[in-house]
Asker: 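Provided herewith is a single structure, encoded as structure tokens, for subsequent inquiry.
The figures that follow rest on heavy atoms only: side chains count, while hydrogens, waters and symmetry mates do not. What you are looking at is a predicted structure, and each value in this text was computed from that prediction instead of being measured. Every number for a ligand or one of its atoms is a count from 1 in the order of the listing. The chain is numbered in sequence order, starting from 1.
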Amino acid sequence: MEIKAIKDIDSEKFEVLVINMFENEKTTQELANKFAIKKDKFEGKFCTTYLLHTLGQEKFDKILVVGFGKREEFDANRCREAISKATKKLQQIHCKSACFDLATELDYGKSATLGVSIANYAFDKYKSKKAPRVEKIYFTKFSEKEVKEGNIFANAMDFTRNLSNDSAAVITPKKLAEVAESLKGITTRVYDKDEIKRLKMGAFLAVSQGSHQEPRFIHMKYTGKKVTKKIAIIGKGLTFDAGGLDLKPASSMLTMRDDMSGAACILGVMSALSELNPDIEVNGIIAACENMPGCKAYKPGDVLTAKNGKTIEVDNTDAEGRLTLADALCFAEELGVDEIVDIATLTGACVVALGSTVSGIMGNDEKLVQKLIQIGKKSGEKFWELPMYDDYFESIKSNIADMKNTGSRQGGASIAGVFLREFVTDKVKWAHLDVAGTAFIEKPHNEFIEGSTGMGVRTLLNYICEK
Ligand code: BES
Ligand code: MN
Ligand code: ZN
């Protein structure tokens, strides 16, 4: 699909002209009036659409009017949502090319481009009959620069969504490593099973044991021309989470191919960096494996030693994500970075607490947490801070090791948070994003269809690119 900024509506040929209307305001565009919008009382309510036929009187076949809602409530996020609504309407009428000639003063080119692209996404790789998609979109009022940045973000999201929607049979740990190695402008080092042993990642290795798919530890690195800051971003990379010997029931296992959504997010982010060229060093880290109940599987009661020497009693083999992240966090801190952000489909408890549109966030540095919440808000991704009081550690105290990997079911997202905190020191700023509810959704919501949402890509890219 092509999305580009053009000078005016005469610069390109297209089938549908899209214009906007704020609620209860007269449209400033004569065209809409000419084709009788007044008579039909279209009110311009947020995300409503209205289709007019030009009956051969214009060089385009149709005019689509999209409601922008109340002018005082309009912002970049509402712009993205309204434009994605219009895009879905364009798909419905099997339109292949359209031009948005919007009456807005602000340059929302990036949001608008994302709105089109997110709405136009379909995972139809395995379908004989492909989903209808718009092929060409033009914007007259937005700058080339904003639309270009929107396209880079949009491609990163598509990349992430394709990885996380695909089957576990295809997206194996080895495949994730290959994807990492194929990224432009990124140096990648992949560690195999023996090397993971040598790195002393006893927790990660244990999780991987029950599967015939071998684990891969992936370290990607992007270095900007100037390096003002060094960060690490870590993604949970469980290419399938059956639960291990503490096997999940069938209904919970159904979507567990999505348990590498954190990893997919990191790969999407890394794929965009050589185009965005931020002045920063970004280390992308993924501990990729499967959690299966094979005959070599790790067992409840096993004691594991993580990379930093701390010992963990396995209480439940289905709390595997935190074990893989423990070693990844130690590895990241050893790189000498200033900040670490991990993103993980970590706990069902977070889904219970926050639902499928808000992600959990925790961390050891309030400033970093608040910054990510703010950037998230602007990016159209919602985060809510969950507490990490020491009380939460009580239930994971062990009689035989430094800690257990699970304790009480109550406050499960926070317990996972305080567990992870054991694997970073106070010397590094760290934030943890729990996207178990938001990375992969069961029903369509706003601009998203069911399945992967590319959660985290926009927030992390904006965080990396902020000056
Ligand atoms: N991958 C799951 C968490 C999850 C749940 C992701 C729902 C997406 C949707 C994680 O590994 C897990 O199994 N967590 C357990 C932890 C429990 C055993 C303490 C959970 O949340 O039930
Ligand atoms: Mn699990
Ligand atoms: Zn998991």
Asker: Quick one: look at Lys248 and ligand 1, take heavy-atom pairs under 4.0 Å, and tell me if it's side chain, backbone, both or neither.
Answerer: side chain
Asker: Tell me whether Ser117 contacts the main-chain N or O of Leu114 through its side chain, where contact means a donor paired with an acceptor under 3.5 Å.
Answerer: no
Asker: Return a yes/no value for Gly348: is any of its N or O atoms, backbone included, closer than 3.5 angstrom to an N or O of ligand 1?
Answerer: yes
Asker: Closest non-hydrogen protein atom to atom 16 (C) of ligand 1, residue and atom name please, with distance?
Answerer: Arg322 NH2, 4.0 Å
Asker: Based purely on interatomic distance, does Thr347 place a nitrogen or oxygen under 3.5 Å from a nitrogen or oxygen of ligand 1?
Answerer: no
Asker: As a test of reading the structure, name the N/O/S atom of Asp241 that is nearest the Mn ion (ligand 2).
Answerer: OD2
Asker: Looking only at N/O atoms, are Asp259 and ligand 1 under 3.5 Å apart anywhere?
Answerer: yes
Asker: Examine Asp259 and say whether one of its N/O/S atoms is closer to the Mn ion (ligand 2) than 2.8 Å.
Answerer: no
Asker: Does Asp318 approach ligand 1 within less than 4.0 angstrom via side chain, backbone, both or neither, non-hydrogen atoms only?
Answerer: both
Asker: Look at Lys229 together with Glu339 and state whether they make a salt bridge at an N to O cut-off of under 4.0 Å.
Answerer: yes
Asker: Output yes when a side-chain donor or acceptor of Ser164 lies under 3.5 Å from a complementary backbone atom of Thr160, and no otherwise.
Answerer: no
Asker: To the nearest 10 degrees, could you say what angle the Zn ion (ligand 3) makes with NZ of Lys236 and OE2 of Glu320?
Answerer: 90°
Asker: Salt bridge between Lys404 and Glu313, side-chain N to carboxylate O under 4.0 Å?
Answerer: no
Asker: Tell me which one of Asp241, Val207, Asn405 gets a heavy atom nearest to atom 2 (C) of ligand 1.
Answerer: Asp241
Asker: In terms of side-chain geometry, is the basic nitrogen of Lys378 or Glu466 positioned less than 4.0 Å from the acidic oxygen of its partner?
Answerer: no
Asker: Would Ile266 and Lys236 satisfy side-chain contact (heavy atoms from CB on, under 4.5 Å), going step by step from the backbone distance to the final call?
Answerer: CA-CA 9 Å; Ile266 301 306; Lys236 173 173 171 180; over 6 Å; no
Asker: Nearest N/O/S atom of Asp259 with respect to the Zn ion (ligand 3), by atom name, please.
Answerer: OD2
Asker: If we only count N/O pairs under 3.5 Å, is Glu320 in contact with ligand 1?
Answerer: yes
Asker: Under 4.0 angstrom from ligand 1, any heavy atom of Arg409?
Answerer: no
Asker: May I ask you to identify the nearest protein heavy atom to atom 4 (C) of ligand 1, giving residue, atom name and distance to one decimal place in Å?
Answerer: Met256 CE, 3.9 Å
Asker: When you measure from the side chain of Thr172 to the backbone of Lys175, do you find a donor-acceptor pair of N or O atoms at a distance under 3.5 Å?
Answerer: yes
Asker: Answer yes when Lys248 and Asp318 have at least one side-chain N-carboxylate O distance shorter than 4.0 Å, and no when they do not.
Answerer: yes
Asker: Could you tell me whether the side chain of Thr311 and the main chain of Asp402 form a donor-acceptor pair under 3.5 Å?
Answerer: yes
Asker: For ligand 1, which part of Leu346 has a heavy atom less than 4.0 Å away: the side chain, the backbone, both, or neither?
Answerer: backbone
Asker: If I consider every N, O or S atom in Asp241, which one ends up closest to the Zn ion (ligand 3)? I only need its name.
Answerer: OD2
Asker: Could you check Ile233, Val341, Thr345 and say which one makes a side-chain contact (heavy atoms from CB on, under 4.5 Å) with Leu433?
Answerer: Val341
Asker: To the nearest 0.1 Å, how far is atom 8 (C) of ligand 1 from its closest protein heavy atom, and which atom is that?
Answerer: Ala436 O, 3.5 Å
Asker: Which one holds for Glu442 and ligand 1: side chain close, backbone close, both close, or neither close, with close meaning a heavy atom under 4.0 Å?
Answerer: neither
Asker: Sort out for me which residue in Asp246, Thr406, Asn405, Asn291 forms a side chain to side chain donor-acceptor pair (under 3.5 Å) with Thr317.
Answerer: Asp246
Asker: Give the atom name of whichever N/O/S atom in Glu320 sits closest to the Mn ion (ligand 2).
Answerer: OE1
Asker: Counting from 1, what ligand 1 atoms have a heavy atom of Thr406 closer than 4.0 Å?
Answerer: 19 (C)
Asker: Salt bridge or not between Glu73 and Arg78? Use side-chain N to carboxylate O under 4.0 Å.
Answerer: yes
Asker: Does the structure place the NZ or CZ of Lys110 under 6.0 Å from the centre of the six-membered ring of Phe153, at an angle of no more than 45° from the ring's axis?
Answerer: yes
Asker: Which of the atoms in ligand 1, numbered in the order shown and given with their element, are less than 4.0 Å from a heavy-atom of Lys236?
Answerer: 1 (N), 10 (C), 11 (O)
